[in-house]
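Because only heavy atoms are used, hydrogens play no part in the values below, and waters and symmetry mates are left out as well, while side chains stay in. Each chain gets a letter, A, B and so on, in the order the sequences are listed, and its residues count up from 1. Computed from a predicted structure; not experimentally measured.
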There are 2 protein chains.
Amino acid sequence: MQKSERLNQELIFLSDKKRFNLRDLMDNFQISKRTALRDIASLEELGLALYAEAGRAGGYSLIQEDLLTKIYFNSDEVAAIFFALKAMEQLKETPFNESFQMISQKLLKNLAASRQQQVLASQAAVSFFNTPAVHHNPYLRLLMESILHDSLVRANFKGQQVLLQPCQLFFRDGNWLFAAYDLLGQAFWNYRCDQLQNCTEQAAVPNKLSLAELKQKQLEFEHDNSGQEFRILLNHRGQEHFLKNRYPNMQLEHEGEITYLTGSYTPRTFEYLIDYLLTFGLNAKIITPEELRRSFKERLAAILDQYN
Amino acid sequence: MQKSERLNQELIFLSDKKRFNLRDLMDNFQISKRTALRDIASLEELGLALYAEAGRAGGYSLIQEDLLTKIYFNSDEVAAIFFALKAMEQLKETPFNESFQMISQKLLKNLAASRQQQVLASQAAVSFFNTPAVHHNPYLRLLMESILHDSLVRANFKGQQVLLQPCQLFFRDGNWLFAAYDLLGQAFWNYRCDQLQNCTEQAAVPNKLSLAELKQKQLEFEHDNSGQEFRILLNHRGQEHFLKNRYPNMQLEHEGEITYLTGSYTPRTFEYLIDYLLTFGLNAKIITPEELRRSFKERLAAILDQYN
DNA sequence: GAAAAGGTGACAATTAACGGCACCTTTTAA
DNA sequence: TTAAAAGGTGCCGTTAATTGTCACCTTTTC
């Protein structure tokens, strides 16, 4: 077997192993120790990340379990990937901060020179003036891993000690948020990631919720009608505005030609709601409740008051 | 270069071409005709589908014009790609509408079963409540290609016939926009993609701008101070709001502890500016000009008036 | 029918690949 | 403390793959 083919076979051979040593290669491929070592060097040059340990209990381990197969992308798909990666780079802060540039580089290296030009050209042609996260979010990765491991995080949130069981991470309006149940405060809530401090992952505790219970809490939270219901009249542009700047726990309700925005608020979300309604300008009119109408009018008056 | 590496390079080199001949390989890789033929045989053995034509106008053609890439991604990078692809799917409408799902599928198929689980889990954990484009944008692809080909598009824009030379496509506030110079109206502007009708690509015309001229026009447009300058006082939350909802052609100016938002507007952008300022709520106060102050106050009064 | 493209076979020259060996470093178990 | 077991390096002769050249073939097109 020639070297190039053997290397491919070795990749497959190794892909399902976490650990191996020279003997494995020597026996499986009928090669000398010297060649096995040379092959390992070649594989590393191909990008395989290996960690070697010397000593009696030594051996090799795959640092990353890698994606090893060939993938066929047509030119449209290549363009699409680069488009996506560029969009992600604009976002600046994601759980995968460092990865996007590396991916772009690896992919770009594997393109023909002329196609590289195409990619760079289309990167220049399209751009995202999107909402980059303003605050620093050092815990995005930790939070995501906590969700995946179904573990807990202990942190300070607005000065309060919380023990959170997070279940979803999401991006909205330039902020990273996560939905979590607080085992200390016994409440489900959406937390802003940038308002966490001293965040650490923590092993499970006895009173941790099961996944089903957690989803149940989230459902209760999202369909919480214990708050005050509201009803807001939208014109056509108002509907459009809502669709472009959608908030959870609000729905459009159509009654013939007329459209209402409905939902409910709690004291905790009251201020947010007023800020949000301001962005509708003339395209929304609060119908009920009176409390919301009054506060909204007061807010408008306060803004006007700045100029008197 | 060794054969095995050369074959990989040749794959990359050929992936871009629909047709090629032996000369191309010989020249590009500095090999003899005999070796080029042997390489082609090797590539076919690797699975590349080629069709050969003898005779004076002969050559080779790729039967499947796919890009053959073999890339090693670590688990972080795989997760990052899926993250990016999911974000793009949320966006619903991009120049690459159909591609993202296909890419996800192809990649997913190439992962070990255990890793597929991980990917699906992290897809469930993270999500983008982002601003999907509301309007249908059938011309995104055409516009992007027009930019890349440096060609023109003829279309109807708000009932007006325009002949546009577009130079950049971008996404902002749930809308796809593109920057273009109108050869009929002789003006540079940002156009909303969803407001185009009967859009067709068109070959160049004599009075088309050079790329440099186009960039110049864009620069003039962006730094257009012919409009009315404004000056708006921002508190801390106002600054944050600006950074999260940034508009082009506006800057923050710091004077000691005090921060102003400055820029300029034209009659065409006046209404947009007022809508935008509304979103600042109490966190912004217009200093100058008086015209803007008055109109803003009138807008507030009009909203208040809905309730009387 | 000549030119230009792809294609084959043979052979000598080159060079990459290989195994073997001596010897080094690190770790660990006796 | 020492020996064994693991990875690691340098050197060298042998072997086998790779390459270029050359002569000659087939097909297509001008």
Side-chain angles (χ1 to χ4, degrees), chain A residues 1-66 68 70 112 114, chain B residues 1-66 68 70 72 74:
Chain A
M1 203 189 311
Q2 286 103 304
K3 179 169 188 176
S4 54
E5 195 195 335
R6 192 180 59 236
L7 288 180
N8 275 316
Q9 295 293 321
E10 284 172 344
L11 276 179
I12 296 169
F13 174 73
L14 297 181
S15 66
D16 70 333
K17 306 214 177 346
K18 274 198 305 231
R19 271 187 81 82
F20 65 96
N21 54 29
L22 289 179
R23 213 14 348 107
D24 297 330
L25 284 185
M26 291 166 67
D27 292 350
N28 263 282
F29 294 94
Q30 298 291 319
I31 53 177
S32 67
K33 179 185 166 191
R34 194 68 190 79
T35 301
L37 277 160
R38 280 194 273 248
D39 281 358
I40 283 174
S42 300
L43 290 174
E44 284 184 316
E45 214 158 277
L46 284 177
L48 200 66
L50 291 176
Y51 176 65
E53 283 168 296
R56 191 166 187 152
Y60 295 88
S61 30
L62 268 71
I63 293 177
Q64 317 118 334
E65 188 187 325
D66 279 17
L68 296 171
K70 253 183 208 169
S114 61
Chain B
M1 201 190 311
Q2 288 102 305
K3 180 170 187 176
S4 53
E5 194 195 336
R6 192 179 60 235
L7 289 180
N8 274 317
Q9 294 294 320
E10 283 172 345
L11 275 180
I12 295 169
F13 174 72
L14 296 181
S15 70
D16 193 21
K17 312 211 173 349
K18 276 199 300 241
R19 273 187 78 82
F20 66 96
N21 53 31
L22 289 178
R23 202 46 318 119
D24 296 331
L25 285 184
M26 292 166 65
D27 293 349
N28 263 283
F29 294 94
Q30 300 289 319
I31 54 179
S32 67
K33 180 183 165 190
R34 193 68 188 81
T35 301
L37 276 159
R38 281 193 273 247
D39 281 358
I40 284 173
S42 300
L43 291 174
E44 284 183 316
E45 215 157 277
L46 285 178
L48 199 66
L50 290 176
Y51 175 66
E53 284 169 296
R56 190 164 189 156
Y60 295 86
S61 26
L62 267 72
I63 294 175
Q64 61 188 30
E65 50 175 307
D66 280 3
L68 205 58
K70 182 174 192 175
Y72 302 91
N74 64 33

Give the rounded distance in Å between these two atoms: [atom1] of [X] and [atom2] of [N].
X: B:Leu7; N: D:dA17; atom1: CG; atom2: C1'; answer: 13 Å
X: A:Glu53; N: C:dT26; atom1: CD; atom2: C1'; answer: 11 Å
X: B:Asp39; N: C:dG6; atom1: CG; atom2: C1'; answer: 15 Å
X: A:Lys3; N: D:dT18; atom1: NZ; atom2: C1'; answer: 15 Å
X: B:Tyr51; N: C:dG6; atom1: OH; atom2: C1'; answer: 12 Å
X: B:Arg38; N: C:dT8; atom1: CZ; atom2: P; answer: 12 Å
X: B:Leu37; N: D:dC24; atom1: CG; atom2: C1'; answer: 14 Å
X: A:Ile40; N: C:dA17; atom1: CD1; atom2: P; answer: 16 Å

Starting at [atom1] of [X], measure out to [atom2] of [Y] and round the result to the nearest 0.5 Å.
X: A:Leu37; Y: A:Ser42; atom1: CG; atom2: OG; result: 11.0 Å
X: B:Asp39; Y: B:Arg34; atom1: CG; atom2: CZ; result: 10.5 Å
X: B:Asn8; Y: B:Met1; atom1: CG; atom2: CE; result: 10.5 Å
X: B:Lys33; Y: B:Thr35; atom1: NZ; atom2: OG1; result: 12.0 Å
X: A:Arg19; Y: A:Tyr51; atom1: CZ; atom2: OH; result: 9.5 Å

Side-chain atoms of residues 22-31 of chain A: list all donor-acceptor pairs with protein atoms under 3.5 Å, sequence neighbours left out, distances to 0.1 Å.
| unit_1 | atom_1 | unit_2 | atom_2 | d |
| --- | --- | --- | --- | --- |
| A:Arg23 | NE | A:Asp27 | OD1 | 3.4 |
| A:Asp24 | OD2 | A:Asn21 | N | 3.0 |
| A:Asn28 | ND2 | A:Asp24 | O | 3.2 |
| A:Gln30 | NE2 | A:Asp27 | O | 3.3 |

Between the protein and nucleotides 28-30 of chain C, are there any N/O to N/O pairs under 3.5 Å, and if so, what are the atom names and distances?
none

Walking DNA chain C from its 5' end, the first of B:Gln2 and A:Ala54 to be reached, judged by nearest nucleotide, is B:Gln2

Contact residues, residues 21-35 of chain B to DNA chain C [heavy atom, < 4.0 Å]: B:Asn21, B:Leu22, B:Lys33, B:Arg34

Quick one: are A:Glu10 and A:Ile40 in side-chain contact, heavy atoms under 4.5 Å? no

